[in-house]
Visitor: 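Below: one structure in structure tokens.
Hydrogens, waters and symmetry mates are skipped; everything else that's a heavy atom, side chains included, is used. Chain identifiers are assigned alphabetically (A, B, ...) following the order of the sequence lines, protein sequences preceding nucleic acid strands; residue numbering begins at 1 within each chain.
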Protein chains: 2
Amino acid sequence: MSPRVRIADVAAAAGVSTATVSRTLSSPGLVGEKTRERVMAAVSATGYRINAAARDLRRQQPRAILVLAPNLANTFFSRIIAAIQDVARQAGLAVQISDSRAGTDVLEAIVQSGRADGIVLLDGALPPDMVRNWTLPVIQLCEWNDGYALPGLRIDNAAAARVAVDHLAALGHERILHVSGPAENVLSQARQAGFREAMTARGLPADIHDGGFTIEAGAAAAHVWAAMADRPTAVFTASDECAFGFISECYRLGFEVPRDVSVIGFDDVDFAGHFIPPLTTIHQPRARLGRQAAERLVSALLEDAPLGEGYDQIPPHLVIRSSTTAYRAKTQGGSAA
Amino acid sequence: MSPRVRIADVAAAAGVSTATVSRTLSSPGLVGEKTRERVMAAVSATGYRINAAARDLRRQQPRAILVLAPNLANTFFSRIIAAIQDVARQAGLAVQISDSRAGTDVLEAIVQSGRADGIVLLDGALPPDMVRNWTLPVIQLCEWNDGYALPGLRIDNAAAARVAVDHLAALGHERILHVSGPAENVLSQARQAGFREAMTARGLPADIHDGGFTIEAGAAAAHVWAAMADRPTAVFTASDECAFGFISECYRLGFEVPRDVSVIGFDDVDFAGHFIPPLTTIHQPRARLGRQAAERLVSALLEDAPLGEGYDQIPPHLVIRSSTTAYRAKTQGGSAA
DNA sequence: CAGCTTTCTGTAATCGATTACATCAGTCTC
DNA sequence: GAGACTGATGTAATCGATTACAGAAAGCTG
């Protein structure tokens, strides 16, 4: 339409000053009732919409939060981001997103641009020096990095690995392979640690294959598993995607899940219950994680209070479906070949 | 850190005026070489970062694009949004996202806030009156609505449906069921039209079940299919998710794919190739769609040129995997029961 | 009714950048 | 060396809102 309507136009239309218009919109209690009505009428008559840049500049707060994720294309994040956006919208905050792997210069420019007044950080692998220098409130979500010295929220990954082992052990499995995520990833490390601990506590050997979170990594792991001399009877994978890759490659190699190997995933993505076989997996409450992190950040922003310290850890929850089953020694006493 | 560094601080540190600093940063050619060096040194010494709100206000353009999608949690969008973000970042634009189903008031506020100077719209079901009133450049992506009278980009959905039918017909299938998306959705409509056209062109009956894009819709469709008197030998589903739901429910009901029924999906999501069986499906080049739409929008914004008119339609591409197979009449000549 | 509150509204400074215009120094030309 | 021109820099207005402060009007008290 016509050139943008400014607050001065509304003021003119209502026969008041711009100050009164501004007050009517942001703190109506300060304005007389009749004036208020006149102003509101002028607002809708002119179709006035506030100019965010001007407001942000004056108020010194952009009323927006920035979400940084290592890979926006990853389905794992979409539900989390949706939940964050939901909370933010209800609080009247905009949501800006960026790939956190954009390069430190770009990232600094984005973070320091003054466009956001709080950050949800889903990446634990950024340079700590950079992150520590950020002056906005930041909350870590899912991944973390002790070098950042920031508060955060995540599930208890080590406990999750223990729960997975508990489940498999209860089914009688003793040779369990852990196809882990990337070695440098904190999630991988925490889960590996939990896995190792649970296995050694039972006096079982902790077999770990450095894999990855992707379908391809899972498929590759299937070959590694198939080539093992004394094949593990159960596999605990880094992610559901990894599990899907593993299972579907096993299938291609002539093995069946759970007949030949029990598989347990991680994340409980939407497909997990509809895969063939339906996948036993550690549930990550992604909507809840996103919502809770956003709420903590948003309320800190609105009250201008510090975020508080420390990590919230959500206890793990195992969803048992059909990709795991009790171990029965095959061809009892038979040879390996 | 310390209170924010402003351009005046840099100017003071370099012993020049703010105008010179500003020019050094935005049009270096106008500034003498020695001065430029001095300014740049002052910039890095002070750690100056431009204040986006102030720049946006003065320049009257926020250098950001807004992505509106009907459901941010949907995995279909994540890769598209990632691609958009990529293009935008390289052009120095921020990306704001919002669920387009937030309600018209909220949406108007977001769109008219002046925070974005262009929109990528992934939703074809917003009120046309509202969308037509938007003064920013908008490009429609994937979905569309003729009522908006806006340019856009999408794959040729009708042609895609025809390709699917061609493939199934070539395999000898004559009774084909189309499990369509939601009836009010443009994609559903276009694909239904293509399906109907291709079927009638062959003199085959066009069976259509109103389903949906979700796993649940697919699972429900499996029951409908199973209960049909003369069961179709092939199914063309609304989406890969729908296909997964269909296949996995079939499996639960004791049917196997493609032995008992060939299934063809739509979208070619990441899992499609790793599902069991690997899914034959229509490929949607999501990264390319996102990139191309973003490029068109971004270049219009940077050159301050209009977006141009009309839809770009990408020809469909069928990926043949293992969920479809040649039809062989069972129990040749046997009875139906 | 004077004096004091209270309530409402207006004036003008302000946020931090950009940029039109003015100024100034140096170079070139005749 | 005067005048014209070029290139570099500074001054100050400007973008559109918010808000401290001031002032006016109305209400209350004794």
Visitor: Quick one: which protein N/O atoms are closer than 3.5 Å to N/O atoms of nucleotides 4-6 of chain C? Pair and distance per line, please.
Guide:
none

Visitor: Tell me every residue that passes side-chain hydrogen bond (donor to acceptor under 3.5 Å, both in side chains) with Arg132(A), counting only those two or more places apart in sequence or in another chain.
Guide: Asp129(A)
Visitor: Check this for me, if you would: do Asp270(B) and Arg79(B) make a salt bridge, where the nitrogen-to-carboxylate-oxygen distance has to be below 4.0 angstrom?
Guide: yes
Visitor: Using side-chain heavy atoms (C-beta onward) and a distance below 4.5 Å, is Arg38(B) in contact with Val16(B)?
Guide: yes
Visitor: Looking at DNA chain C, which of residues 50-58 of chain A put a heavy atom within less than 4.0 Å of it?
Guide: Leu57(A), Arg58(A)
Visitor: Identify, residue by residue, the members of residues 24-45 of chain B with a heavy atom below 4.0 Å from DNA chain C, and return them in order of residue number, or none.
Guide: none
Visitor: NA contact type, Thr20(A), heavy-atom cut-off 4.0 Å: base, sugar-phosphate, or nothing?
Guide: sugar-phosphate
Visitor: Determine whether Arg288(A) and Ile314(A) satisfy the following criterion, side chain to side chain contact (heavy atoms under 4.5 Å, CB included), listing intermediate values before the conclusion.
Guide: CA-CA 10 Å; Arg288(A) 175 178 167 198; Ile314(A) 295 179; 3.8 Å; yes
Visitor: Using salt bridge (Lys or Arg N to Asp or Glu O under 4.0 Å) as the criterion, list what pairs up with Arg296(A), not counting sequence neighbours.
Guide: Asp312(A)
Visitor: Within the 4.0 Å limit for protein heavy atoms, which parts of nucleotides 20-27 of chain C are touched? Write it as a string from 5' to 3', B for base, S for sugar-phosphate only, - for none.
Guide: B-------
Visitor: Who passes salt bridge (Lys or Arg N to Asp or Glu O under 4.0 Å) against Arg55(A), sequence neighbours left out?
Guide: none
Visitor: With sequence neighbours excluded, tell me which residues meet side-chain hydrogen bond (donor to acceptor under 3.5 Å, both in side chains) with Ser98(B).
Guide: Gln85(A)
Visitor: Just do the side chain to side chain contact (heavy atoms under 4.5 Å, CB included) check on Ile119(B) and Ile65(B) with the steps written out, would you?
Guide: CA-CA 6 Å; Ile119(B) 297 179; Ile65(B) 69 185; over 6 Å; no
Visitor: Identify whether NZ of Lys or CZ of Arg in Arg6(B) sits under 6.0 Å from the centre of the six-membered ring of Tyr48(B) and within 45° of that ring's axis.
Guide: no
Visitor: Does a side-chain N-to-carboxylate-O contact under 4.0 Å join Asp123(A) and Arg101(A)?
Guide: yes
Visitor: Taking all atoms of both residues into account, what is the closest heavy-atom pair of Ala8(A) and Thr18(A), and its distance?
Guide: CA-CG2, 3.8 Å
Visitor: Using a 4.0 Å cut-off to any heavy atom of chain A, which nucleotides of DNA chain D are the first and last in contact, reading 5' to 3'?
Guide: dG16(D) to dA20(D)
Visitor: Would you please name every residue forming a side-chain hydrogen bond (donor to acceptor under 3.5 Å, both in side chains) with Asn51(B), sequence neighbours left out?
Guide: none
Visitor: Looking at Asp56(A) and Arg115(B), does any basic side-chain N land under 4.0 Å from a carboxylate oxygen?
Guide: yes
Visitor: Could you list the residues that satisfy salt bridge (Lys or Arg N to Asp or Glu O under 4.0 Å) with Arg89(B), not counting sequence neighbours?
Guide: Asp86(B)
Visitor: Taking only residues two or more places apart in sequence or in another chain, which ones pass salt bridge (Lys or Arg N to Asp or Glu O under 4.0 Å) with Asp99(A)?
Guide: none
